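Below: the structure, in structure tokens.
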Protein chains: 2
Amino acid sequence: MDSKIFNLKAKLEVYKAMTNGGNFADCPVRDVIQGISGKWSSLLVMALAEKPYRFGELRRLVPDISQRMLTQTLYDLQRDGYVHREVFPTKPPSVEYSLTDLGRSMFAPLQMLVQWAELNRDAVREARAAFDAAQA
Amino acid sequence: MDSKIFNLKAKLEVYKAMTNGGNFADCPVRDVIQGISGKWSSLLVMALAEKPYRFGELRRLVPDISQRMLTQTLYDLQRDGYVHREVFPTKPPSVEYSLTDLGRSMFAPLQMLVQWAELNRDAVREARAAFDAAQA
DNA sequence: AGTGGTAGTCTCAAAAAGAGACCAGCACTA
DNA sequence: TAGTGCTGGTCTCTTTTTGAGACTACCACT
């Protein structure tokens with residue numbers, strides 16, 4: 001075992017002590033990770049990292065998101081402080097979404113993961129195909 | 001805008017060309033990200049990065065996961081090639097789960113995100129509290 | 001004979017996500 | 001002047017996903 005890999009068990013004990021001493025259910029890191037690991041969260045953060053977008057622009061950019069989920073995911077991202085929402089009083093009022101500083105700082109490590117995914121998507125697809133073939 | 005931030009729109013065009021030319025729905029990166037962004041996936045990968053664990057050990061380590069979701073998440077991780085499953089013919093047969101090389105290589109960027117979450121969990125919680133207070 | 005540990009599966013209820021209709025207000029067009 | 005479309009959503013209904021908990025079979029130990 002690589003000793004540089006952090007010790008999860010020790011961390012769990014720390015979290016137990018930090019929270020209610022009982023279980024590991026409300027581990028604060030999990031809380032944060034969960035907020036950004038939703039189906040659409042990372043995609044929207046990636047989009048907004050490029051430049052601010054309006055609601056309809058995001059909808060067109062990600063065609064297979066429903067309006068309902070776009071609304072809700074943006075709301076959640078705003079609530080967690082990653083995204084800023086600004087309404088402009090144009091004739092049909094337009095709403096612009098942009099990353100906050102916190103959002104940009106979170107985007108950095110997220111991008112690492114996305115880059116890994118880009119590099120390794122073939123490996124994952126092959127593994128998946130091999131597994132499915134073995135199951136059949 | 002920071003010019004070092006990659007251009008999502010250009011990427012989207014590339015993906016469009018790579019897939020069916022139509023929409024961005026089956027973007028391969030999203031496919032990979034989705035596999036590791038489940039509610040339990042990252043947590044189990046983090047656990048297995050420390051050392052291999054057996055089914056029951058994982059269940060005890062993460063007390064609030066149901067057996068059903070543990071089974072299924074491990075199955076999915078195995079299917080995508082992140083996790084290796086090995087059955088030992090002990091008297092009650094025991095099953096050991098461990099990370100594959102692919103899993104370990106994915107854990108590296110995942111850890112970046114987890115470290116970010118550790119450092120910024122307070123900021124996120126404050127943002128959340130402020131937002132909720134403003135809504136009320 | 002009863003208890004506990006092994007790794008699950010099965011069923012049913014609750015929560016989350018997806019599909020699509022609907023809304024008000026303004027601009028442009030026929 | 002009535003229709004059409006764009007703005008950013010909400011509302012309802014259905015499908016999918018998740019969670020809770022009972023149940024299985026086998027073996028060891030008491």
Side-chain angles (χ1 to χ4, degrees), chain A residues 22-27 30-31 33-45 47-48 51-80 83-98 131 135, chain B residues 22-27 30-31 33-44 47-48 52-80 83-98 131 135:
Chain A
N23 67 6
F24 165 53
D26 28 28
C27 156
R30 246 214 289 174
D31 191 34
I33 292 289
Q34 215 138 297
I36 59 188
S37 77
K39 181 168 183 183
W40 305 106
S41 312
S42 53
L43 196 59
L44 292 179
V45 168
L48 294 176
K51 73 184 190 66
Y53 279 107
R54 293 211 315 268
F55 186 89
E57 290 177 318
L58 287 171
R59 190 157 52 90
R60 282 185 293 273
L61 203 59
V62 186
D64 61 341
I65 192 174
S66 63
Q67 284 199 341
R68 194 185 152 286
M69 284 316 292
L70 182 55
T71 301
Q72 187 173 327
T73 306
L74 286 170
Y75 181 92
D76 292 344
L77 290 174
Q78 187 194 355
R79 189 172 101 97
D80 282 9
V83 159
H84 172 70
R85 178 180 186 272
E86 190 162 7
V87 181
F88 292 99
T90 51
K91 337 324 152 34
S94 59
V95 180
E96 188 183 84
Y97 292 92
S98 55
F131 185 85
Q135 290 304 89
Chain B
N23 66 6
F24 166 52
D26 26 30
C27 156
R30 242 207 302 170
D31 191 34
I33 292 290
Q34 215 138 296
I36 59 188
S37 76
K39 181 169 182 180
W40 305 105
S41 312
S42 54
L43 196 60
L44 292 179
L48 295 175
Y53 279 106
R54 293 211 316 270
F55 187 88
E57 290 178 317
L58 287 171
R59 190 157 51 89
R60 282 187 293 274
L61 203 59
V62 186
D64 62 339
I65 191 174
S66 63
Q67 285 199 341
R68 196 186 150 286
M69 284 316 292
L70 182 54
T71 301
Q72 187 174 328
T73 306
L74 287 171
Y75 181 92
D76 291 343
L77 291 174
Q78 187 193 355
R79 190 170 100 97
D80 283 7
V83 160
H84 173 70
R85 178 179 185 273
E86 189 162 8
V87 181
F88 292 99
T90 52
K91 337 318 155 28
S94 60
V95 180
E96 187 183 84
Y97 293 90
S98 56
F131 185 84
Q135 291 302 92

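Just so it is clear: chains get the letters A, B, ... in the order the sequence lines come, proteins before strands, and each one is counted from 1. Bear in mind the structure is a predicted one, so any value in this text is a computation, not a measurement.
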Before you tell me yes or no, could you show the steps for A:Leu58 and A:Val62 under side chain to side chain contact (heavy atoms under 4.5 Å, CB included), namely the whole-Å CA-CA distance, both residues' side-chain angles and the distance that decides it to 0.1 Å?
CA-CA 6 Å; A:Leu58 287 171; A:Val62 186; 5.8 Å; no
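- At whole-Å resolution of the value, CH2 in B:Trp40 and P in D:dT18 are 11 Å apart.
- Listed by residue number, A:Arg68, A:Thr71 are the residues of residues 68-80 of chain A with a heavy-atom contact under 4.0 Å to DNA chain D.
- Between B:Glu86 atom CD and C:dG8 atom P there is a gap of 13 Å when expressed in whole angstrom units.
- Comparing atom distances between the B:Val95 side chain and each of C:dG8, D:dG9, D:dC6 picks out C:dG8 as nearest.
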Stepwise side chain to side chain contact (heavy atoms under 4.5 Å, CB included) check, A:Gln72 with A:Asp76
CA-CA 6 Å; A:Gln72 187 173 327; A:Asp76 292 344; 4.0 Å; yes
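- Ranked by how close their nearest DNA chain C nucleotide is to the 5' end, A:Ile65 and B:Glu57 are led by B:Glu57.
- Checking side-chain atoms of A:Ser41 against main-chain N and O of A:Ser37 turns up no donor-acceptor pair under 3.5 Å.
- Considering every non-hydrogen atom in both B:Val87 and B:Pro93, the closest pair reads CG1-CB, 4.4 Å.
- Rounded to whole Å, the distance from CD on B:Gln34 to C1' on C:dA17 is 12 Å.
- Atom OH in B:Tyr97 sits roughly 8 Å away from atom C1' in C:dA7 (whole-Å rounding).
- A straight line from CD of B:Gln67 to P of D:dA22 spans 12 Å, rounded to a whole angstrom.
- Rounded to an integer number of Å, the gap from B:Lys39 NZ to C:dA14 P is 17 Å.
- With contacts defined as side-chain heavy-atom distances shorter than 4.5 Å, the pair A:Asp80/B:Phe131 does not qualify.
- Between the C1' atom of C:dG5 and the CZ atom of B:Arg54 lies a distance of 9 Å, rounded to the nearest Å.
- The side chain to side chain contact (heavy atoms under 4.5 Å, CB included) test with A:Trp40 is passed by exactly one of A:Val45, A:Thr73, A:Leu77: A:Thr73.
- When each of B:Gly38 and A:Pro93 is assigned the nucleotide of DNA chain D with its nearest heavy atom, A:Pro93 is the one assigned upstream, toward the 5' end.
- When the options B:His84, B:Glu86, B:Arg85 are evaluated for a side-chain hydrogen bond (donor to acceptor under 3.5 Å, both in side chains) with B:Tyr97, the one that passes is B:Arg85.
- Taking atom CZ of residue B:Phe55 and atom C1' of nucleotide D:dT24, one finds them 14 Å apart after rounding to whole Å.
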